[in-house]
**Q** 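Following this message is one structure expressed as structure tokens.
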Protein chains: 2
Amino acid sequence: MYVTDSEQRRNKIFEYIVESYVTTASPVGSEFIAQKLRSSLSPATIRNIMVDLERAGFLHQPHTSAGRVPTERGMRYYVDSVMQARQLLPEQVRDLQARVLPQKAEDVDVFLARAAQILADATQEAAFVVAPTVRSGSVRQIELVPIGARRVLCVLVADDEVFASHVVEIEEPITRDETIALVRFFNTELVGLPFNDLLTSLERRLLAQTDSFYHVVKRSFEILEHALSTEPEERLYIEGTSHVLAQPEFRKQPELAERLLQAIEAEDAWLEQLRADLESGRSLVRIGSESGIPGFEPCSYLTVPLIVGGSVAGGIGILGPVRMDYPRMRSFVEAMALCVREAVGRMETS
Amino acid sequence: MYVTDSEQRRNKIFEYIVESYVTTASPVGSEFIAQKLRSSLSPATIRNIMVDLERAGFLHQPHTSAGRVPTERGMRYYVDSVMQARQLLPEQVRDLQARVLPQKAEDVDVFLARAAQILADATQEAAFVVAPTVRSGSVRQIELVPIGARRVLCVLVADDEVFASHVVEIEEPITRDETIALVRFFNTELVGLPFNDLLTSLERRLLAQTDSFYHVVKRSFEILEHALSTEPEERLYIEGTSHVLAQPEFRKQPELAERLLQAIEAEDAWLEQLRADLESGRSLVRIGSESGIPGFEPCSYLTVPLIVGGSVAGGIGILGPVRMDYPRMRSFVEAMALCVREAVGRMETS
DNA sequence: GTTTAGCACTCTTGCTAGTTGAGTGCTAAT
DNA sequence: ATTAGCACTCAACTAGCAAGAGTGCTAAAC
């Protein structure tokens with residue numbers, strides 16, 4: 001792709017504008033940029049270029065005598081075409097690893113929640129993880145542990161190291177032999193099926209009626225239906241929200257903070273969007289209203305999917321103000337994703 | 001206890017002051033109170049009484065020409081001696097029950113988190129639960145489910161319907177016979193012991209060396225140590241934080257909001273205090289800095305312990321600004337506690 | 001043709017002074 | 001003991017003014 005000199009220069013100036021806006025949180029004037037360029041261009045020239053950038057929709061002037069502020073569209077352009085990838089320093093990476101890896105990695109859920117805490121602390125923004133649940137994997141093993149006469153603990157193990165257990169109440173008491181038969185059925189006939197299809201596939205067998213296991217299938221259906229109904233599709237953990245609300249944009253407009261917090265608490269809308277984002281299988285950035293979530297307008301987020309065994313199993317990300325340091329955040333979240341993959345990898349091979 | 005006429009009148013006026021402060025969030029003047037009293041007393045008299053109340057430390061004047069605001073100490077007095085218990089309307093109780101009871105009550109944790117959501121929604125304040133974990137109960141049953149060669153799912157069931165399961169990695173592969181032996185050991189020798197004493201008591205047996213089960217005890221110790229280390233003492237769920245931050249006191253001073261949010265996120269300090277509060281076994285109110293938690297100064301909370309089988313197993317509460325409607329909140333949280341007890345009761349007897 | 005110095009112009013921000021009004025405390029009368 | 005009356009205080013609002021930041025435009029310089 002051919003880029004003219006003047007385009008290059010324009011991009012450089014735009015980059016400086018974004019970057020000083022990111023650090024100062026206030027409109028950027030031409031003089032300031034001229035200084036950064038060590039007087040290779042005069043403020044007047046920069047002003048001309050600023051007018052161009054404003055016409056292109058990348059900058060916005062709060063009022064006539066103010067500096068310029070990047071628009072949402074400008075930020076998108078910055079993220080896509082202007083900003084330069086940044087590497088973390090080796091010691092930063094080591095620090096992250098040192099805090100993440102030594103953890104007892106026995107429970108994926110707990111492990112990921114901690115990782116989010118560490119990420120939030122390192123970046124001083126909010127960090128989140130979408131933790132996989134068994135529903136996103138397929139059956140590796142299902143066990144039943146009787147508790148009392150009419151209650152059974154149903155243990156679901158997915159092939160991506162995720163597991164869950166739920167107490168199921170059953171109407172007719174279950175015998176020891178029946179339990180054994182059910183468990184055998186689970187671990188011969190159901191292994192490898194995606195948990196999400198489990199119920200429909202059992203239902204099909206039930207309707208067909210030709211099954212020699214009819215009663216076992218029926219009982220299985222009852223138990224698994226209960227067990228899976230308590231298990232959400234995904235689990236969202238978010239840490240460090242206070243860092244975001246401490247940003248000047250929220251200080252000045254507390255109603256924005258309130259709306260954001262409500263949107264985070266409501267969870268549904270965001271989680272749905274995140275699901276779609278992660279399914280793409282690629283890292284991405286959603287800037288301001290791009291996410292389409294009411295209340296998220298002053299915020300952007302980055303997400304990286306976690307890929308386990310070839311398919312997406314949750315993700316990790318950072319939530320901050322639109323005016324956030326994208327290169328820095330991207331390098332952090334990517335380093336963390338590597339860490340997490342490594343740790344999960346170790347869990348698998350062990 | 002003898003209460004003079006003038007004391008009674010003073011209390012009435014104080015009650016009105018607190019209550020209008022609660023609704024308006026701004027200092028209360030003498031004229032306003034006079035109107036509420038339907039001119040049975042003139043503003044001047046009320047002013048005299050206000051001076052008394054201020055001398056007693058119950059009221060505070062932001063500045064000479066402002067009305068009066070209850071102090072923290074005043075609020076304490078109000079809660080202890082002035083406010084009148086309020087009953088919820090039957091339909092409010094029914095509404096609460098209708099939203100809490102029909103839930104699948106199979107998992108105590110999930111159930112309590114939902115209850116907190118409902119409470120937050122009903123009160124328009126933040127609501128929290130301290131959910132019990134197995135550590136706070138004693139052993140009813142422990143099971144092992146082998147997963148792969150070197151991993152075992154350890155299922156812990158406490159006698160208060162709480163259960164947990166954790167994957168434990170073990171160095172030496174475990175045999176089928178060994179598993180059976182361990183489970184038998186668990187469910188004959190350990191039943192009834194508090195989970196919290198489990199490790200020390202096993203250690204004692206190990207040190208005594210005289211145990212015929214020596215190897216089983218050793219293996220048990222290893223496995224249970226891992227399983228219990230992942231299990232926290234208590235789990236805290238808080239919902240509806242945004243309701244609190246929407247209050248005018250936080251709107252006007254966003255830094256208070258930030259500090260509060262940080263304190264909630266840090267969790268440790270508050271949880272420790274809550275543990276102490278709940279241990280008393282009684283409902284209580286902590287007003288402002290009484291809680292001793294940095295960041296909680298502008299807030300109060302109410303807690304009610306949940307008693308299961310004679311001992312405290314978690315609790316439920318409401319967090320709001322110091323200027324909150326205590327009688328209303330108390331009636332809500334108490335109604336909810338009843339609901340929850342009923343639901344947990346049903347889980348037990350089933 | 002691009003760049004830049006110069007300058008008038010605009011609009012926020014901060015400051016000061018004046019006004020308003022809510023609410024008080026005191027005093028003297030009831 | 002209560003209360004009407006009144007002077008007093010102080011935050012909150014308003015208006016006006018000055019300062020300053022930053023612009024856009026024009027005309028000269030490169």
Side-chain angles (χ1 to χ4, degrees), chain A residues 4-14 16-18 20-21 23-56 58-71 74 248-249 251-253, chain B residues 4-14 16-18 20-21 23-56 58-71 74 248-249 251-253:
Chain A
T4 66
D5 256 22
S6 78
E7 265 175 42
Q8 219 164 9
R9 197 183 60 180
R10 208 188 58 165
N11 280 354
K12 196 74 202 161
I13 287 170
F14 183 58
Y16 278 139
I17 292 174
V18 171
S20 52
Y21 178 63
T23 55
T24 65
S26 51
V28 184
S30 54
E31 190 111 21
F32 188 83
I33 298 300
Q35 271 173 29
K36 279 217 158 187
L37 289 168
R38 294 202 210 96
S39 308
S40 69
L41 284 176
S42 78
T45 316
I46 291 167
R47 280 203 288 278
N48 289 331
I49 296 166
M50 280 172 151
V51 172
D52 290 354
L53 287 165
E54 192 167 5
R55 287 221 185 86
F58 294 161
L59 291 180
H60 166 76
Q61 233 180 341
H63 53 87
T64 353
S65 74
R68 302 303 210 290
V69 168
T71 60
E249 31 273 79
R251 285 275 179 119
K252 281 173 197 158
Q253 293 170 295
Chain B
T4 64
D5 254 23
S6 80
E7 265 175 41
Q8 218 163 12
R9 198 183 58 179
R10 207 188 58 164
N11 280 353
K12 195 76 199 158
I13 287 171
F14 184 59
Y16 279 139
I17 293 174
V18 171
S20 52
Y21 179 64
T23 55
T24 65
S26 50
V28 185
S30 53
E31 189 111 20
F32 188 85
I33 298 300
Q35 271 173 30
K36 278 217 157 184
L37 288 167
R38 293 201 211 96
S39 309
S40 69
L41 285 177
S42 79
T45 315
I46 290 166
R47 281 203 288 276
N48 290 330
I49 296 167
M50 278 171 154
V51 172
D52 290 353
L53 287 166
E54 193 168 1
R55 288 222 183 85
F58 294 162
L59 291 181
H60 165 75
Q61 233 181 341
H63 52 89
T64 353
S65 72
R68 300 306 208 288
V69 169
T71 60
E249 31 273 79
R251 284 278 180 119
K252 282 173 196 157
Q253 293 169 298

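No hydrogens, no waters, no symmetry mates; every other heavy atom, side chains included, goes into these values. Here is the naming used below: chain letters follow the sequence lines, and residue numbers restart at 1 for every chain.
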**Q** Drop me the distance from Gln61(A)'s CD to His63(A)'s NE2, to the nearest 0.5 angstrom.
**A** 8.5 Å

**Q** Which heavy atom in Leu41(A) sits nearest to a heavy atom in Ala34(A), and how many Å separate them?
**A**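 Smallest heavy-atom distance, with atoms named: O-CB, 3.8 Å.
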
**Q** Measure CZ/Arg9(B) against P/dA1(D) and give the value in whole Å, please.
**A**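 Distance, rounded to whole Å: 10 Å.
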
**Q** Taking the side chain as every heavy atom from C-beta outward, state whether Leu59(A) and Phe14(A) have any pair of such atoms under 4.5 Å apart.
**A**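 Yes. Closest side-chain heavy atoms under 4.5 Å.
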
**Q** If you round to the nearest 0.5 Å, how far is CG of Leu53(A) from CZ of Arg68(A)?
**A**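 The distance works out to 9.0 Å.
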
**Q** I would like to know whether Lys36(A) and Ile13(A) meet side chain to side chain contact (heavy atoms under 4.5 Å, CB included); could you show each step before the answer?
**A** CA-CA 9 Å; Lys36(A) 279 217 158 187; Ile13(A) 287 170; over 6 Å; no

**Q** At what angle, to 10 degrees, do the two end axes of the helix from dG1(C)-dC30(D) to dT30(C)-dA1(D) meet, given five pairs define each axis?
**A** 30°

**Q** If you look only at distance, which donor and acceptor atoms sit under 3.5 Å apart when one is on a side chain in residues 24-33 of chain B and the other is two or more places apart or in another chain?
**A**
from	atom 1	to	atom 2	distance (Å)
Thr24(B)	OG1	Ser20(B)	O	2.8
Thr24(B)	OG1	Ser26(B)	N	3.3
Thr24(B)	OG1	Ser26(B)	O	3.4
Ser30(B)	OG	Arg47(B)	NH1	3.2

**Q** Hey, what do you get for CD (Glu7(A)) to CG (Asp52(A)), rounding to the nearest 0.5 Å?
**A** 11.0 Å

**Q** Within the structure, does a side-chain N or O atom of Ser42(B) lie under 4.0 Å from either OP1 or OP2 of dT3(D)?
**A** yes

**Q** Going from CG on Leu37(A) to CZ on Arg9(A), what distance comes out if it is rounded to the nearest 0.5 angstrom?
**A**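 CZ of Arg9(A) is found 9.5 Å from CG of Leu37(A).
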
**Q** Spell out protein contact along nucleotides 13-30 of chain C as letters: B when the base is contacted, S when just the sugar-phosphate is, - when no protein heavy atom is under 4.0 Å; keep the 5' to 3' order.
**A** ---------BSBB-----

**Q** What integer distance in Å separates Arg10(B):CZ from dA1(D):P?
**A** 16 Å

